[in-house]
Amino acid sequence: MSYKEFLKRVDENRVIIPKGSFEGMRVDCEIFINREIEKSLEDDSIKQLVNVSKLPGIVKKSLAMPDIHSGYGFPIGGVAAFDLKTGIISPGGVGYDINCGVRCIITGLKRYDLKNCIKELLTKIFLEVPSGIGSVGSVKLKKNDLKRIVLKGAFWAVENGFGDEKDLESIESNGCLEGGEFDCISEDAIERGISQQGTLGSGNHFLEIDYVSKIYDLDIANKFGLFENQIVVMLHTGSRGFGHQICSDYVSSFSKDLRKKDISLPDKQLVYSYFNSDSGRSYYKAMVGAANYAFCNREIIGYMVKKTILKFFGKSESDLKIELLYDISHNIAKIEEYEIDGVKRKLIVHRKGATRAFPKGHPELKGIFKETGQPVLIPGDMLSGGYILVGGEKSVEESFSSTCHGAGRTLSRKEAIRFSKRTDVFEKINESGVFVLSQSNRTIVEEIPQAYKNVDDVVKTVQDAKLSFPVAKLLPVGVIKG
DNA sequence: ATGTCC
């Protein structure tokens, strides 16, 4: 049986699976996807989306963005909101890399300035920022430091000289979620977290030097300080082994609890606990701790990148104008309020491989972002670069204020490795003119451009659906793949 | 994503 047969196209950018198509569905499923990307939609990710629609307390719809692909329990690219009083919270709805996200740093440099020194500069950054699986050592933490990071997020970096205070207003939730609790985090997680702060990690994590290849909205680009041929840095990482251990601890404890209560699941990976329960609240507090760890991680790495570039050119901060544009989360569950059928309700919104995208005027946005909408940072594959978007006017009502997070995979990691055995994947990279560095060839092979959807098609869908719209397109010059 | 299988 194919899940695809149950898809009904409602407009050029959306398909639904109506409630009732499968037993146990509590709400409709809805995927923002145009006809072009629908061709690469896999049955397994639709099945996962349907499974999510069966979970207790789900509100409105089980949603997915055009970059949907198969994940642990929940699909990546999925958005699911649950009632705070009657609904659940699920580690699989957040992902193993809690608060994985993207940071964009803008500079006063132009493409031309790096023409003859990109390899040298990127190599310096590669030596400065630890990357690769199990990478350690960029900041020495004591247990009390970790405790404070869990509470304070990116602010810890600022108060310890690894960040700038003015950065905080350009980080989603100011770089700190409230309610992190150290006591809800295992000794194993603490042990892993202590050594990994300020490291990039592996897999799809990266640090990229791009140039602005196109401006779509001149007014917003001006407000953001973006201009054509400008050099910007995009970095993508999360909470490393710390968040991973927290996710895996709660997956196993929730799984035991559910077995004890004899509750059957549509998929054993779809473990959950009621938000309004001791175990549910405990996961939430630990998840917030990991989210704060990730905010701190990106702040520290951003600071190291800035220092390295300044030293490389022998210039001062004011000369090179290196500033944080924005820092977003795309693996997180957040408490947000929405009006549902005329009634205001508090929900726990799970965004797994989906980005918050508040439109201009949203009460939570401050300063310049109130006028422009929230910046949304979208990486593509390592050769295609990515986009800077802003939240669009339909996001709040249509998608719990969410949009896509990237290109989305078409090949699993295993499939990418298999593909690489019969194709010379390095040829394409070498011919591209993009300088790629990695600790591991395996990472490159898993992350080949052929393993990803076309990011332009993904962005076109969310733009046409008015969930977010493009401000600038970025193209890579040099890439560090973890 | 991940001390890529305690």
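Small disclaimer: the values here were computed from a predicted structure and weren't measured. Every chain is numbered from 1, with letters handed out A, B, ... down the list of sequences.
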* Is the A:His236-A:His330 ring centre distance short of 6.0 angstrom? -> yes
What is the distance, to the nearest angstrom, from the [atom1] atom on [X] to the [atom2] atom on [N]?
X: A:Tyr96; N: B:dC5; atom1: OH; atom2: C1'; answer: 13 Å
X: A:Ile246; N: B:dT2; atom1: CD1; atom2: C1'; answer: 14 Å
X: A:Ile444; N: B:dT4; atom1: CD1; atom2: P; answer: 20 Å
X: A:Lys414; N: B:dT2; atom1: NZ; atom2: P; answer: 18 Å
X: A:Asn99; N: B:dT2; atom1: CG; atom2: C1'; answer: 17 Å
X: A:Ile133; N: B:dT2; atom1: CD1; atom2: P; answer: 6 Å
X: A:Asp188; N: B:dC5; atom1: CG; atom2: P; answer: 17 Å
X: A:Arg442; N: B:dT2; atom1: CZ; atom2: C1'; answer: 11 Å

* Structure fact -> By side chain to side chain donor-acceptor pair (under 3.5 Å), A:Gln196 pairs with (sequence neighbours left out) none
* **Residue list, side chain to side chain donor-acceptor pair (under 3.5 Å) with A:Glu446, at least two apart or on another chain** => A:Arg442
* Asked: Start at the 5' end of DNA chain B and walk down; is the nucleotide closest to A:Ser440 or to A:His205 reached first?
  -> A:His205
* Asked: DNA chain B: A:Glu446 or A:His236, which has the more 5' nearest nucleotide?
  -> A:His236
* For A:Ser248, which contact category applies under a 4.0 Å heavy-atom criterion: base, sugar-phosphate, or nothing? -> nothing
* Which is true for A:Gln196 with a 4.0 Å heavy-atom rule: it touches a base, it touches only sugar-phosphate, or it touches nothing? -> sugar-phosphate
* Anything under 30° is parallel, anything over 60° is perpendicular, the rest tilted; go ahead and classify A:Trp156 against A:Phe162. => parallel
* OP1 or OP2 of B:dT2 under 4.0 Å from side-chain N/O of A:Arg240 -> yes
